[in-house]
Amino acid sequence: MKNAYIEIDKERCKACGLCISACPQGIIRFSSEFNSKGYHPAEPNDPEAKCTGCGFCYMMCPDVCITVYRAVKV
Amino acid sequence: MKNAYIEIDKERCKACGLCISACPQGIIRFSSEFNSKGYHPAEPNDPEAKCTGCGFCYMMCPDVCITVYRAVKV
Amino acid sequence: MNKIMMKGTEAIGEAAIRAGCRLYFGYPITPQSELTEYMARRLPQVEGTFLQAESEVAAVNMIYGASSVGKRVMTSTSSPGFSLMQEGVSYIACAQLPSVFVNVVRGGPGLGDIQPSQGDYFQATKGGGHGDYKLLVLSPSTVQEAADLTGVAFELADKYRNPVLIFADGLLGQMMEPVSFSDKKVSYDNSSWALIGAKNRPARQVTSFNIDPYGLEKMNLELQKKYKLMEENEIRYETTLTEDADILIVAHGTMGRIAKSVVEMARKDGLKVGLFRPITLYPFPYEALRKSAADVSLVLTVEMSSGQMLEDVRLAIAERTRVEFYGRMAGVVPMPLEIYEVLKQKIGRRS
Amino acid sequence: MNKIMMKGTEAIGEAAIRAGCRLYFGYPITPQSELTEYMARRLPQVEGTFLQAESEVAAVNMIYGASSVGKRVMTSTSSPGFSLMQEGVSYIACAQLPSVFVNVVRGGPGLGDIQPSQGDYFQATKGGGHGDYKLLVLSPSTVQEAADLTGVAFELADKYRNPVLIFADGLLGQMMEPVSFSDKKVSYDNSSWALIGAKNRPARQVTSFNIDPYGLEKMNLELQKKYKLMEENEIRYETTLTEDADILIVAHGTMGRIAKSVVEMARKDGLKVGLFRPITLYPFPYEALRKSAADVSLVLTVEMSSGQMLEDVRLAIAERTRVEFYGRMAGVVPMPLEIYEVLKQKIGRRS
Amino acid sequence: MDYKVAYKMPRSLSGKQFTYCPGCHHGIVHRLIAETIDELDLREKTIIVAPVGCSVFAYEFFDIDGTVAPHGRAPAVATGMKRARPDLTIFTYQGDGDLAAIGTAEMIHAANRGELITTIFINNAIYGMTGGQMAPTTLLGMKTTTSPYGRKAEKEGYPVHVCEIIKELQGVAFLARTKVTTPRDVMTTKKYIKKAFQAQLKGLGYSLVEVLSTCPTNWGLSPEKAIKWLEENMTKEFPLGVYVDKVGDAK
Amino acid sequence: MDYKVAYKMPRSLSGKQFTYCPGCHHGIVHRLIAETIDELDLREKTIIVAPVGCSVFAYEFFDIDGTVAPHGRAPAVATGMKRARPDLTIFTYQGDGDLAAIGTAEMIHAANRGELITTIFINNAIYGMTGGQMAPTTLLGMKTTTSPYGRKAEKEGYPVHVCEIIKELQGVAFLARTKVTTPRDVMTTKKYIKKAFQAQLKGLGYSLVEVLSTCPTNWGLSPEKAIKWLEENMTKEFPLGVYVDKVGDAK
Amino acid sequence: MTHSIIISGFGGQGVMLMGRVLCQAGMTEGKHVTWLPSYGPEMRGGTANCTVIISDEPVASPVVDSPEEVVVMNIPSLLKFEPIVRRNGYLFINSSVVDREPKRQDIKTIKVPANEIADQLGNLRVANMVMLGAFVFTTKCVNIESLIDAMKYKLKGKDSSIIELNVEAIKQGLRHVGG
Amino acid sequence: MTHSIIISGFGGQGVMLMGRVLCQAGMTEGKHVTWLPSYGPEMRGGTANCTVIISDEPVASPVVDSPEEVVVMNIPSLLKFEPIVRRNGYLFINSSVVDREPKRQDIKTIKVPANEIADQLGNLRVANMVMLGAFVFTTKCVNIESLIDAMKYKLKGKDSSIIELNVEAIKQGLRHVGG
Ligand SMILES: Cc1ncc(C[n+]2csc(CCOP(=O)(O)OP(=O)(O)O)c2C)c(N)n1
Ligand SMILES: Cc1ncc(C[n+]2csc(CCOP(=O)(O)OP(=O)(O)O)c2C)c(N)n1
Ligand code: SF4
Ligand code: SF4
Ligand code: SF4
Ligand code: SF4
Ligand code: SF4
Ligand code: SF4
Ligand SMILES: [Mg+2]
Ligand SMILES: [Mg+2]
């Protein structure tokens, strides 16, 4: 059960790494794949469901690649 | 015996009157004559030799019409 | 229609207001400041906006802005000021923004003087700014015509989405003549392209930019197509006694009406002189002039410049006919008799 | 003389320094920033002064200042920037201040793009600013010629006390070719008119201003006399295989050398095609072109524009000969084969 | 369990990919503007005036009507728009070359008139688009392609402080300098941008937000190092904070 | 008894009659500049850059080499001169339209560069030469031909305060605002002008002296009444005094 | 019938207004008119003049080499314009200011001591209207009634006493030349 | 004899340098050369190419419709330039990056796995020199010695190890095509 998760638009990503250093949980990394622009895009790597949905990654991403989802409290 | 006196270049004068109001001794007036520009130029009127050579008239004249002479103390 | 005595500058201002212009941005400069001042006085009375810009560079860009949101707008200046506007004019032309400019030309180059001149003809007609663009250029010769052409200018600007230049000289700007204005109600609608908010439609761009040369070339070809249309449809000129003329004078603006006096003089002397007066400087009436000049033995171009329209005259008649030139510069206005003397001399030299 | 590979922009910069230019004022703009940057690097090495101006308007006026105190000075820009300089250029021309301008023309109008173009021909040759003035305009076609003409530009500027414009395009600006520079020592002396302090002589004025129209007309007539002299003495052009040509291509700058390839192609096909390449755009080689075109059946003008030099070509040969035009705009460069195809098509249509 | 989007691309962006280099702060600021427009519900009546600079394409990145002004003249263009259509919300987006060099006069006079427009000012201490020439805001000693030996005060003058110059102009209603190097900064900047738009909406006067930004490409640094360089050098030269605030803090 | 000249036309004036209207303060300031040039013995190496404005002829009124710059561009022209010939003394003479409207950018950047030139700035709150249009320094409520209903802050903005805008620029070495309505003012102004030239001679930076001046003609007042109006209105809007002084008081 | 007129004098003498009143009068009579001002090269207070054309035909040139009727209100104007008056044309001289004789014999010279007459009316500033009265009565370029109406139109809003004074000035002017 | 060459690839692949080294080599051999860069419409990081002419005659056009020799370092370049290679001309393909086949049969295609060879040399960045070695050996547009000298000239000031690496890359390139 994760409280939050993110999605990264790989095609938009330019691999600047700003999301990676912004994430307090350290759960973003560079993918080993290339995107069509030739970059190794960032990808979430959150097996332990540590994402808090804080949005720091989103805030620092200059290319608006990231969508952050939070669990809805019912 | 005057301590000081002034000369006014009538042809340069534009009858603005600034020298007249600047003179602490009140010894400048408008001439009744016209100059070739059609102005009544200012003229010194110092029968009592009141001019102190203070230079106020010179300082205020926008058309640099005035020369101030002072007696040389020997 | 009631006539009132008005200066050319003021008549242009009033006519602009009648044409629905409610925005004026400009910077004072002799000899057109009366137009700026007229707008400062008049526009608030009709709930319009007058704003004195901090410079001509700012003014032309305010025109760009106001026009891009779809409003009729105008500025006026004189020679050095119009030079400063050239970058902006090129942008406006490329972005296809309707707008009306008035250049009350004075003696140049440089600071020059403040007397009447036509020395900015090249700048007006060939493009003083960079790139392949054209202004529609109107050259009135009377105050009434200045007023009428101002109305035309706004119509043409919207019709072609193109900047229109009223090319006047200091004579026309300062001269007073009786003038009357039409009371026709005007309305216009630029909402199909203007930047008025992306509501219920995709967002819009007004631009003179295209980083892709093929894209930009396409934009240019569109412009060229438009210019072609103007050349086909918008040519204006006036002829006086050209039918039987053996000698043709070509002159525009107030120079044109001064030349008309020469025609009168010459005709009294039995000389068959006619007058061709281009009203649109761009598009230039090449074809019409060619026809008018078909049977004459001499064409005399008279300008208040060193000879600029002369090149267009030459292009029109391709030197099949002798083309002579007479001009005065720097605000010295060629006078009727003076021109007539020159004319007689040229004819004399011919024989 | 040692050759080095250099960009056109850089070669112009180096040539300027060899010509004694120790002052550069300019504002960055693609595609000429390499020249600005070259001067920023090089001038301090030769105790010269490089200053990045706050704008092109400031730059042109810094040129005015530096030139008025008698020093060789230069600026460079690209199309929109040169439009902004028009007021200043008109002042400089009227005040008769020697100075060298470089316009590395890009696609226009407006912001356009950053690709090569020749669309500022009218602005350069007919006067983009106000009033009756002329720049000396040089159009090089190779990096070596750009370097050589830069030296010429400084000489002519001083000789005529007139601004000189090097009209380049992005191709020439970016292209690298081997180039060599002369090591001739240059010296110049403008102390007879420059503002260097009223010592042991009456005070001097450098001015473009004369409130009296007759005085200003006199200044204008002096300018016209000077232009006349330039027209008599400074015309430059290059012809290729024009002697026996039946078809003449007219093209300037890099377009000229591209056209040279067309001539080579055509000749291989047995078509008698020649090339006329104006090097001075003002003064334009009317007479020489008229002669070169005397016996041809077709003249094809090729430009990276909608057809501007075309008017001068028409004026030169007065349509005795058919004049056709081909051009591309906005940075799209007409290619040799492409032009050749057009040429063949035009010939075809003729028969 | 259900999930809800907490952060996503704002409506007022067109979705077109930014042409900026990796890590360039232009993109962050774009997003903040778009979010503000969304939150104030202004998308259908806002016009962007893009500059000439790396952000020349900005008018394509927003899903709003827009244009690109001649270099430096965005405030004049915006003035023309606003005077013609006071009901529209107009903002200019300008770089330091655009705003503080060639466009100095237009910016100052728009500010002085209290023109009801908003300016977002990206200060990256360099001319990004044209390849790294000196800007008015370039720091002393900094090497650029046109100050290859380092900027010297005696020769090129001092870094221009835009906020300090215009802060005393009475027409200015909101004025602040900020940065976007941390999420916290990003939130502050967002707040400023919102206030700047509110200054316009409330008819209070001219508003400008200066954002210290990185240009990794022309600084020759990685995005991370560029951020560090900004923190260590630019914030010293250009003090952050609110210079003018006539908007107040009430909602 | 012998008499000696105590005050007379300074050597550095050409003697040509001024073209100014009766009572116009341009003339007083001209004289003070000429006296300063004489006293510093600079006549043979000083160049004047006249503006476009009523003082367009200034370069003929001084007996020194000179030119007239395009409207507003005198600081750029002077920069070109000074960079080319650092041994010359260069000053610009500019009106409020010239300096604070069209020439804003050139003035600010010359000041920011600490350009070694001196500017004498005549603030008469109006465009004199062109017949009385609104200047950036026109007071609120003041009627001019282009603010016929009185200048309004909401529409035309606020009077521009040049000294206040540039006082924080580090390139500025001497900066003062003064007037010439009384002999005492005239003396003060002379002192400032001298300091301004000294700032240049000593290589300290840019110097500017703003002189509040009358325009009797376009204000529609007699020379005397114009002075009174200036005292009562302009000095309130534009505080007099020295804003920057890096020259010091030693001889 | 075309009248081509130049009116010239010092800046303060009201010569521009004279021309404008004339044009206004001509226009109300349905004539074609143009008024063209010209200021000397001096910046302030120099000599100024205007060219007025009043015609039954549309006006071609608004400038004339050789006007039929010239009014000179000061000496510089006399020097400048006497030589170009058309043969058999009129030269009106404000003899209060111009204390010298014209040289030409082939033109009709009319002297009006306009300042003195105005002075008698109590206001030097109406010298221009005095001259205008004399001018119109002599040249008949417009009717006196139209002239008076035009003057009133131009002075609209002014005190009625001022208007009366100007009417009186016109009348004194035409009386001086025999009207 | 005239070689007209287009070299094209991503911004980072060093295609501009390839052209400049070729020209430098040509120049030292006394040939006439031109180098003309062209950047795509993308602002940053897009495809770029340069046109090089090496000739015994002065170069007329620095642009060519139809080059004799084309080097493509990536797929967009292949798509753009394959169609315009002159009949019987050469197409050099960096097969490490371009994983598709050219369509034309009327040209000579030469595949060089430049990245792989460079990788083996320990530095991907010398892929361009690998390709250049292959290109020059095949086309003989300049001598290999001049090429190496030109490369050294261009890398003046760099570490000698880097220069050695580049020499090696050139040699590997020409070895790959049989040199
Ligand atoms: C009149 C004019 N001059 C110069 C240029 C060239 N130019 C384009 S962008 C730019 C400067 C960009 O720098 P900045 O404003 O700081 O924006 P950045 O790219 O750093 O975001 C310049 C000088 C131009 N397009 N127009
Ligand atoms: C480019 C340009 N724009 C406008 C003008 C017209 N012009 C001449 S002087 C002037 C303003 C003068 O005012 P100011 O600078 O205050 O000087 P003042 O006459 O009051 O001393 C203007 C707008 C011009 N000559 N050139
Ligand atoms: S939302 Fe916060 S925790 Fe989750 S990935 Fe982004 S920065 Fe990390
Ligand atoms: S911040 Fe955005 S662009 Fe940068 S690596 Fe992360 S997702 Fe990619
Ligand atoms: S010098 Fe002084 S006292 Fe003498 S006239 Fe002048 S102001 Fe009066
Ligand atoms: S101050 Fe000068 S110009 Fe004025 S009245 Fe006195 S002398 Fe004449
Ligand atoms: S050059 Fe600099 S400012 Fe421009 S997009 Fe790249 S990083 Fe951003
Ligand atoms: S108009 Fe004003 S500023 Fe100009 S000279 Fe006259 S009084 Fe002086
Ligand atoms: Mg920047
Ligand atoms: Mg003023």
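All values below come from the heavy atoms of this structure, side chains included, with hydrogens, waters and symmetry mates left out. Each chain gets a letter, A, B and so on, in the order the sequences are listed, and its residues count up from 1.
- The two residues Ala176(E) and Cys163(E) have their closest heavy-atom pair at O-SG, 4.0 Å.
- Taking CD1 of Ile64(F) as the reference point, atom CZ of Phe91(F) lies at 4.5 Å (rounded to 0.5 Å).
- Pro75(E) and Ala110(E) get closest at one heavy-atom pair: CB-CB, 3.9 Å.
- Contacts of Ala111(F) with chain E are absent, with no heavy-atom separation under 4.5 Å from either backbone or side chain.
- With a threshold of 4.5 angstrom between heavy atoms, Ala153(E) approaches chain F through N, CA, C or O but not through any side-chain atom.
- Contact of Ile108(F) with chain E is made through the side chain alone, with heavy-atom distances under 4.5 Å.
- Nearest heavy-atom pair across Val52(E) and Ala69(E) is CG2-O, 3.4 Å.
- When heavy atoms are compared at a cutoff of 4.5 Å, Ile166(E) does not approach chain F at all.
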Next on the checklist: Let's go through Phe174(F) and Val209(F) carefully: what are the C-alpha distance in whole Å and the side-chain angles of both, what is the deciding distance for side-chain contact (heavy atoms from CB on, under 4.5 Å) to 0.1 Å, and is it a yes or a no?
Outcome noted: CA-CA 8 Å; Phe174(F) 186 79; Val209(F) 177; 4.1 Å; yes
Checklist entry - Could you walk me through whether Val56(F) and Met129(F) pass the side-chain contact (heavy atoms from CB on, under 4.5 Å) check? => result CA-CA 9 Å; Val56(F) 62; Met129(F) 183 189 218; 3.5 Å; yes
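- Closest non-hydrogen pair, Leu116(F) versus Gly205(F), comes out as CD2-N, 3.3 Å.
- In this structure, CD1 on Ile102(F) lies 12.0 Å from CG on Leu99(F), to the nearest 0.5 angstrom.
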Quick one: donor-acceptor pairs under 3.5 angstrom, chain E versus chain F?
unit_1, atom_1, unit_2, atom_2, d
Arg83(E), NH1, Lys155(F), O, 3.3
Arg83(E), NH2, Lys155(F), O, 2.8
Ala100(E), O, His109(F), NE2, 2.9
Thr104(E), OG1, His109(F), NE2, 2.8
His109(E), NE2, Ala100(F), O, 2.9
His109(E), NE2, Thr104(F), OG1, 2.8
Asn112(E), O, Tyr158(F), N, 3.4
Asn112(E), ND2, Tyr158(F), O, 2.7
Lys155(E), O, Arg83(F), NH1, 3.2
Lys155(E), O, Arg83(F), NH2, 2.8
Tyr158(E), N, Asn112(F), O, 3.4
Tyr158(E), O, Asn112(F), ND2, 2.7
Lys167(E), NZ, Glu168(F), OE2, 2.9
Glu168(E), OE2, Lys167(F), NZ, 2.9

